[in-house]
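Data block below; observations after.
Along the sequence shown, the residues carry numbers beginning at 1. Hydrogens, waters and symmetry mates are skipped; everything else that's a heavy atom, side chains included, is used.
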Amino acid sequence: MRLFLKHLSDRRFPPSIKVINFELTSSESMMSSLLFLLSFCLMKLILCSAPLAVVVPQDPILTIGSSLTATCIINSEVNVDSHELYWTLNGQKLPSELYTLVNSSALRVMVHGLNGSRQQSGDNLVCHRVDGRILAGSCLYVGLPPEKPTNITCWSKNTKDLTCKWSPGGEGESFLRTKYTLKFKLRWYGKENECQEMGTAGLNSCYIPKDLALFTPYEIWVEASNKLGSAASDIISLDILDVVTTDAPFDVHVNRVGDLEDQLSVRWSSPPALKDFLFQAKYQIRYRVEDSTEWKVVDDIGNQTLCRLAGLRPGTVYFVQVRCNPVGIYGSRKAGIWSEWSVPTAASTPRNERSSGTCYQKSGESGSNLRRELKQFFGWVKKHAYGCTALNIKLYDQWRVWLQKSHKTRNQNQEVAVFIGLQEDSPGR
């Protein structure tokens, strides 16, 4: 062991490596001796693995359009002459006219008008021997400092959490790995906090799951940073109660309205979480034909959870969805945020079973038919309505169903009569 120590003390180490002299006592355990031997072997390995060459500067950070002068310096113990070297950038050999021979152990290259890095981990500038083997290399970080993020929008699901999204700002391309940090704090007191759960709602988003204060405004902003600098967005101020959204309405049912071929009835249940809040909700319905991608939206539904769609095509399948917006939650005067649409629910209108022939009426005949239908309607009301029944849409619907049934019965009777006539006129009778 003492021979090893003497060997270490006699060697000339670089200034960065210091050897500590110490004496081993007989009380040291065998384990300590083994650890020392391992340490010595590791140190010898480091001393014997000197690099073949080095590129200066190492890992420079540059803006787009910059020029770079780099030098490959060969280790004196390597039997290579600098005129035998060449350079590559991202695997592409650089022209020899860019080289300058400094001396027998150093070759310089100058690159002008650098473009943004092709990869966020940096571009590879490499010094090679004439046989292609790599002597040394450096990473070039070429890009732009980040621009300040913009368009911060936030929403809270049932007041229990907060999610925010933003835009990177500018064209959003700095060619360098850029870190975004969402920060927030209570406006009048409280410390600055950082959002930890990045990317939960897509790119450039962050999620704050709990421990949020109600009835107190927050200040929220986003900071962007990369190797060339940093930038912060404008600060927005919001109250959690002003950005509440809910789960989508559920238990959506779409049904026919009797035999009315142009109507469907839609009913649904409110999101369960809203039952715990002092709120008024408004709803929207959208629907489309089965073979179409174009939705029609019904806005004026209000706070009710039942609606009837009219003016539909007979014998057609429709897909229907509903969404909710909490209004006036806990007394907030700002409109809430629309929920996601409910799962599509399908239903079909009854098929029109009247005669398939088309009848083109003259203008005078149209008015005559209207008077005849009104006369039929009031006659039906006189016969089927009792007491002080008001003339409302429900009563009109009942008459429409009766009228369709009477047309259907009349058509069936005509078909029976024709069938009987055909049987009587058939030969052999």
Side-chain angles (χ1 to χ4, degrees), residues 149-167 180-223 232-252 266-286 297-307 321-344:
T150 59
N151 300 329
I152 302 175
T153 57
C154 303
W155 62 93
S156 173
K157 180 66 74 69
N158 303 321
T159 73
K160 305 299 184 183
D161 55 20
L162 187 69
T163 302
C164 295
K165 296 188 71 173
W166 61 88
S167 300
Y180 293 93
T181 306
L182 178 75
K183 297 187 175 183
F184 62 98
K185 71 180 187 69
L186 293 172
R187 180 189 292 177
W188 296 300
Y189 57 90
K191 66 177 182 178
E192 181 180 298
N193 299 281
E194 292 187 3
C195 178
Q196 302 297 325
E197 300 190 24
M198 296 289 293
T200 54
L203 189 65
N204 300 320
S205 69
C206 199
Y207 174 66
I208 306 170
K210 58 183 179 179
D211 299 331
L212 293 168
L214 302 180
F215 308 103
T216 304
Y218 278 91
E219 291 182 345
I220 298 176
W221 68 100
V222 178
E223 293 182 358
S233 70
D234 294 333
I235 297 175
I236 66 167
S237 179
L238 61 84
D239 191 312
I240 300 298
L241 298 178
D242 293 336
V243 293
V244 174
T245 185
T246 69
D247 298 310
F250 71 106
D251 199 23
V252 179
V266 186
R267 60 182 176 86
W268 61 90
S269 297
S270 299
L274 288 182
K275 296 179 181 179
D276 300 331
F277 305 146
L278 301 174
F279 79 104
Q280 292 179 347
K282 61 180 180 180
Y283 296 94
Q284 272 186 348
I285 291 178
R286 70 177 184 180
V297 179
V298 181
D299 281 314
D300 53 349
I301 298 175
N303 195 32
Q304 60 185 351
T305 57
L306 176 66
C307 183
Q321 291 179 292
V322 187
R323 67 177 181 174
C324 175
N325 186 330
V327 180
I329 186 168
Y330 281 127
S332 172
R333 296 184 179 182
K334 294 187 178 181
I337 299 175
W338 287 105
S339 71
E340 297 293 329
W341 291 101
S342 64
V343 177

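The disulfide (SG to SG under 2.5 Å) check on Cys195 picks up Cys206, with sequence neighbours excluded. For Lys282, there are no side-chain hydrogen bond (donor to acceptor under 3.5 Å, both in side chains) partners at least two apart in sequence or on another chain. Annotation: side-chain hydrogen bond (donor to acceptor under 3.5 Å, both in side chains) contacts of Asp251 (sequence neighbours excluded): His253.
Looking at every heavy atom in both residues, Val322 comes nearest to Val266 through CG2-CG1, 4.3 Å. Of all heavy-atom pairs spanning Ala201 and Trp155, the tightest one is CB-CZ2, 4.3 Å. Here the closest heavy-atom approach between residue Pro271 and residue Thr246 is recorded as CG-OG1, 3.7 Å. In this structure, Pro326 and Val244 approach most closely via the heavy-atom pair CG-O, 3.5 Å.
Side-chain contact between Cys307 and Trp268: present, with at least one pair of heavy atoms (C-beta onward) separated by less than 4.5 Å. A heavy-atom distance below 4.5 Å is found between the side chains of Ile220 and Leu162. Contact check for Lys157 versus Asp247: side-chain heavy atoms found under the 4.5 Å cut-off. The shortest distance between side-chain heavy atoms of Leu214 and Leu241 falls below 4.5 Å. No side-chain heavy atom of Ser233 sits under 4.5 Å from any side-chain heavy atom of Trp166. Counting heavy atoms from C-beta outward, Ile285 and Val297 have side chains that stay 4.5 Å or more apart. Looking at heavy atoms from C-beta onward, Ser339 lies in side-chain contact with Pro249 at the 4.5 angstrom threshold.
In this structure, CG on Leu182 lies 12.0 Å from CD on Glu197, to the nearest 0.5 angstrom. Rounding to the nearest 0.5 Å gives a distance of 8.5 Å between CE of Met198 and CG of Leu203. Tyr218 OH to Cys154 SG: the interatomic distance, rounded to the nearest 0.5 Å, is 11.5 Å. Here CH2 of Trp221 is found 7.0 Å from NZ of Lys183. Values are rounded to the nearest 0.5 Å. Here the NZ atom belonging to Lys185 is positioned 13.5 Å from the NZ atom belonging to Lys191, to the nearest 0.5 angstrom. Remark: Leu238 CG to Ile152 CD1 distance equals 9.5 Å, nearest 0.5 Å.
The backbone N or O of Asn151 sits nowhere less than 3.5 Å from a side-chain atom of Ser167 that would complete a donor-acceptor pair. Panel note: side chain Gln321, backbone Ser342; a donor-acceptor pair is recorded below 3.5 Å. Of the possible donor and acceptor atoms, none in the side chain of Tyr283 sits under 3.5 Å from a partner among the backbone N and O of Leu306.
Other residues, nucleotides and ligands place no more than 12 heavy atoms under 6.0 Å from the CD atom of Glu340.
When only modelled atom types and interatomic distance are considered, Tyr207 and Asp161 share a side-chain donor-acceptor pair under 3.5 Å.
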side-chain contact (heavy atoms from CB on, under 4.5 Å) between Lys165 and Asn204, intermediate numbers included: CA-CA 6 Å; Lys165 296 188 71 173; Asn204 300 320; over 6 Å; no
